[in-house]
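When a ligand or atom number is given, it counts from 1 through the structure's own listing order.
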Amino acid sequence: MSPFRSHMDRALAEARAAARRGEVPVGAVVVAPGGRIVAAAGNRTRELADPTAHAEILALRAACAEARSERLPGYDLYVTLEPCPMCASAIGQARIARLYYGAADPKSGGVAHGARVFAHPQSHHVPEVYDGIAEAEAEALLKAFFAPRR
Ligand SMILES: [Zn+2]
């Protein structure tokens, strides 16, 4: 029944779809105030030949296009992996209210690791952050994706 879990399930489905396309399995979902999913995306950096085509960026772009606004106050973003600094910054720029993420990313994350974008004084907007949501599933997807490549 948990709405947290149901939205992360959709993000995980996007991550699985990304893996099937040969992309790093990360999925993101944007939820409007009231609970409607307005955008869902997985990584498409290879397909689009675009280093900025992370799941969060694609989901934010789609949600902003639907809202006809560059800001999404009151919206929530679910993503299966800790956002990188680029995505964390975009989440702040979009004025996302709550960020829910799954697996921690000590190597490339920018929320709890590395740049810690939201802890920086230059961060004009700081969402509420909830980590570890469906963490085990998100980690398992990433491990399964990278295991054959090692
Ligand atoms: Zn990113």
Please name the pair of heavy atoms, one in Pro25 and one in Ala18, separated by the smallest distance, quoted to 0.1 Å. CA-CB, 4.2 Å
Closer than 2.8 Å to the Zn ion (ligand 1), what protein N/O/S atoms do you find? His54 ND1, Cys84 SG, Cys87 SG
Heavy-atom check, side chain of Ile37 versus side chain of His7, under 4.5 Å: yes
Taking C-beta and beyond as the side chain, do Val24 and Leu142 meet within less than 4.5 Å on heavy atoms? yes
Scan side-chain atoms only and decide if Asn43 and Thr45 contain a donor-acceptor pair under the 3.5 Å cut-off. no
Any side-chain heavy-atom pair of Leu60 and Leu77 under 4.5 Å: yes
Can you check whether Val111's main-chain N or O pairs, donor with acceptor, with Glu82's side chain at less than 3.5 Å? yes
